[in-house]
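Quick caveat: nothing in here was measured; it's all calculated off a predicted structure. Note on naming: letters A, B, ... go to the chains in the order of the sequence lines (proteins, then strands), and numbering restarts at 1 for each one.
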There are 2 protein chains.
Amino acid sequence: MDSHAAHIHYGHMHEPQDINTDAPPTLADVAAAAGVSTATVSRCLNNPELVTEKTLERVLAAVDHLGYSPNFSARALASRRTNMIGAIIPTMDNAIFARGLQAFQEELQKNGCTLLVASSSYKQDLEEEQIKALTARGADALLLIGYHRDPGIYAFLEKRRIPVLVAWAYDPAKPYLCVGFRNRDAMKRLAEKVLEAGHRKLGCITAETAANDRARERVDGIRDAMAAADLAPDTLEIVETTYSIESGDQAFRQLMQDTDTPTAIMCGNDVLAVGALRAAADMGLRVPEDVSITGFDNIELASVSPQPLTTVHVPHRRMGQYAAQALMKVLSGGDVPASLELPADLCMRATLAPPRKP
Amino acid sequence: MDSHAAHIHYGHMHEPQDINTDAPPTLADVAAAAGVSTATVSRCLNNPELVTEKTLERVLAAVDHLGYSPNFSARALASRRTNMIGAIIPTMDNAIFARGLQAFQEELQKNGCTLLVASSSYKQDLEEEQIKALTARGADALLLIGYHRDPGIYAFLEKRRIPVLVAWAYDPAKPYLCVGFRNRDAMKRLAEKVLEAGHRKLGCITAETAANDRARERVDGIRDAMAAADLAPDTLEIVETTYSIESGDQAFRQLMQDTDTPTAIMCGNDVLAVGALRAAADMGLRVPEDVSITGFDNIELASVSPQPLTTVHVPHRRMGQYAAQALMKVLSGGDVPASLELPADLCMRATLAPPRKP
DNA sequence: TTGTAAGCGTTATCAC
DNA sequence: GTGATAACGCTTACAA
């Protein structure tokens with residue numbers, strides 16, 4: 001049926017040539033095959049409602065017949081939109097981020113958007129570089145973790161009109177769209193439980209707080225609880241380290257070598273806590289009889305570790321999902337989505353108990 | 001110094017307008033500012049060696065001054081290269097893939113390439129869709145997991161001239177570039193250990209084998225070892241399920257409810273094994289005294305679970321790294337990299353022991 | 001409803 | 001070494 005149109009060629013084609021050249025078919029090829037203009041083909045693909053049933057049909061047949069698939073670079077260049085959304089996370093080595101990202105990606109995929117990934121290794125300058133890189137690559141929007149970054153970078157993003165969503169934190173005072181929970185409050189609630197259990201000498205293993213607002217807020221949360229319980233916040237014994245089981249292990253040993261050692265160690269995340277757990281076992285300390293240990297995140301590790309870990313549940317899937325939905329909503333130009341606070345519930349399990357009576 | 005050139009405008013600019021419009025600066029803007037042609041600016045950016053020291057300097061100053069950053073869509077359209085590499089993995093929910101992907105991405109990032117991610121949820125049709133999607137998006141090359149897929153899709157990729165690397169498997173007989181290990185052989189070696197320990201009745205918990213060659217090969221590996229030990233391979237009790245702790249738990253219960261239950265359960269991965277471990281504990285079965293359990297992957301979960309898991313180490317980081325290097329080497333047009341076989345060593349830990357004497 | 005044609009911002013092939 | 005200028009494949013006013 002389209003055979004009589006198949007031999008139509010546009011003037012811009014250099015030479016008459018076989019229909020089946022090795023280069024992928026273009027819009028023009030489809031247009032020629034269907035006997036319509038490229039504009040019409042484009043409409044069929046992007047706004048089918050603007051086109052007659054009959055032409056639509058014919059064009060779609062041609063598309064199908066030629067195995068046409070649009071060139072996204074060209075589309076992006078012309079429409080100034082890539083349908084790619086970037087995510088810059090500290091690392092996929094931690095399940096909490098990997099799984100959050102998985103949820104984010106699933107949601108994007110459902111809506112025909114593609115995920116562009118970069119990682120910052122918890123380094124501020126690296127993150128900045130990645131933000132520049134992904135926006136240069138044409139990311140329509142960005143998912144970022146936490147608030148802390150140079151104001152200049154926010155200005156840059158704003159000037160470029162790149163929508164940004166901050167995940168893993170929630171602070172209505174901040175002017176950015178976000179989905180997450182109050183890190184400080186969550187940790188404070190957990191610390192309250194620790195104090196209620198009777199602990200008076202606390203230790204803390206945390207990631208570097210300099211460029212990591214989540215880590216900082218969590219430590220502050222512990223101090224808040226201490227202050228509220230009339231305990232001097234500066235008696236909190238803190239070890240800053242990197243996020244890994246091994247680091248948690250070593251940090252724990254460091255905390256426990258002092259005289260007047262803490263009776264409860266609160267860790268910035270589950271990975272550190274599992275490391276602490278391992279060190280404790282290795283040192284012959286029973287948990288929670290000899291020392292209490294808490295985590296943060298509630299990853300699988302936490303529930304299958306030798307002693308089920310007392311921790312805080314971080315709603316990673318819901319954050320990832322909502323982040324994707326919100327960002328795509330912003331891009332669609334509809335009403336601006338609201339920031340969303342999610343609960344971060346305590347998981348009271350086996351590693352927290354009252355301290356031994358001295 | 002470039003001020004006298006700053007007022008030069010190209011004819012194609014519609015109207016005289018402020019230098020500082022809201023749109024990001026383009027090559028033409030830089031060219032105008034530096035008093036050279038766009039071609040020269042392009043050269044400065046891509047082939048600096050073709051340009052005078054002096055002009056290079058002037059152009060770079062203009063770039064810097066205007067805060068220019070190239071438009072990748074346009075670049076991609078003109079150069080037919082996106083510098084984006086796609087990866088389609090089953091899921092980031094499993095740490096083994098998340099961490100492999102992290103290594104892959106780090107390596108890409110080092111070389112200025114960006115990672116495009118999609119996930120298949122272990123579904124063949126979904127994977128096919130994602131392959132089409134990422135190539136349509138302009139991925140220069142693709143990382144795929146395992147060999148099993150429709151021949152048509154390989155043909156498609158070849159026709160499109162998209163380099164592909166298969167990871168997580170190694171089979172020199174296959175005509176594709178790959179990095180990985182021999183799943184069948186690795187599991188066979190582990191099964192040999194199980195048989196050497198004296199087990200005669202084996203069970204197996206695996207992912208669906210229909211569209212998952214790694215899973216299938218691992219099961220075959222067990223059968224190989226059984227056959228070599230004069231045990232009828234069809235006595236292997238198999239439960240197919242999805243990959244999750246909960247599934248492993250349930251599959252274990254299912255295997256242990258029969259009469260003549262297996263004395264050793266070999267699991268397709270660590271997640272399933274940890275589920276089995278949990279079920280065993282819940283059923284009051286001691287591991288390895290009452291039943292032996294093995295895993296595959298050697299993720300962190302395996303070493304911190306209540307009983308350190310006997311498993312097979314999967315070299316995820318090295319696979320991810322090599323995959324990135326190999327793919328970028330192919331793209332650079334240099335000599336074609338070779339496929340690489342990596343060792344998958346056994347991790348003999350606590351969950352395998354001889355069966356109780358009947 | 002459909003066609004025409006002007007971009008979109010680069011790269012790349014030529015001349016000079 | 002540098003500059004015109006034609007692609008690259010698509011979207012989108014504007015016309016018809």
Test salt bridge (charged side-chain N to carboxylate O under 4.0 Å, His left out) on A/E127 and A/R149 and set out the steps.
CA-CA 9 Å; A/E127 194 210 27; A/R149 47 188 61 83; 2.5 Å; yes

Take atom CG of B/L56 and atom C1' of D/dT2, then tell me their distance rounded to the nearest Å.
14 Å

B/T52 has a side chain; which of D/dG1, C/dG3, C/dT11 sits nearest to it?
D/dG1

Can you see whether B/Q321 engages B/Q325 through a side-chain donor-acceptor pair at a distance of less than 3.5 angstrom?
no

Does A/R318 count as lying over the ring of A/Y322, i.e. NZ or CZ under 6.0 Å from the six-ring centre, within 45 degrees of the axis?
no

Would you say B/R80 places a side-chain N or O within less than 4.0 Å of OP1 or OP2 belonging to D/dC8?
no

Of all the choices, C/dT10, C/dA5, D/dC10, which nucleotide is nearest to the side chain of A/L27 once you look at every atom?
D/dC10

Just how far, in rounded Å, is P of D/dC10 from CG of A/N83?
15 Å

Take the protein atom CG of A/N71 and the nucleotide atom P of C/dT11, then report the distance between them rounded to whole Å.
16 Å

With a 4.0 Å cut-off, would you call B/E107 and B/K110 a salt bridge?
yes

A/L77 has an atom CG; how far is it from atom C1' of C/dT10, in whole Å?
8 Å

Please identify which of these residues, A/T38, A/L45, A/N46, meets the side chain to side chain contact (heavy atoms under 4.5 Å, CB included) condition with A/S42.
A/N46

Modelled atom types, side-chain donor and acceptor of A/T135 and A/R160, under 3.5 Å:
no

Output the rounded distance in Å from CD (B/E49) to P (D/dG1).
10 Å

Interatomic distance, B/R75 CZ vs D/dG9 P [rounded to whole Å]:
18 Å

Between A/N47 and B/A74, the residue closer to the 5' end of DNA chain D by nearest nucleotide is B/A74

Whether B/T40 contacts D/dG3 is assessed here as follows: a side-chain N or O lying under 4.0 Å from the phosphate OP1 or OP2. Is that the case?
yes

In whole Å, what is the span from the CG atom of A/L45 to the C1' atom of D/dG9?
13 Å

Take the protein atom CG of A/N46 and the nucleotide atom P of D/dA13, then report the distance between them rounded to whole Å.
13 Å

Closest of C/dG3, D/dC8, D/dG3 to the A/S37 side chain is C/dG3

For B/Y68 and B/R43, take the nucleotide of DNA chain C holding the closest heavy atom to each; which residue's nucleotide lies nearer the 5' end?
B/Y68

Taking only heavy atoms on the protein side, list every residue of residues 132-140 of chain A lying under 4.0 Å from any atom of DNA chain D, sorted numerically.
none

Less than 4.0 angstrom between a side-chain N/O of A/T55 and OP1 or OP2 of C/dT2, yes or no?
yes

Where the side chain of A/S42 is defined as all heavy atoms beyond and including C-beta, which of D/dC8, D/dT11, C/dT1 is the nearest nucleotide?
D/dT11

Test side-chain hydrogen bond (donor to acceptor under 3.5 Å, both in side chains) on A/S119 and B/E106; report intermediate values, then the result.
CA-CA 8 Å; A/S119 61; B/E106 283 173 17; 5.3 Å; no

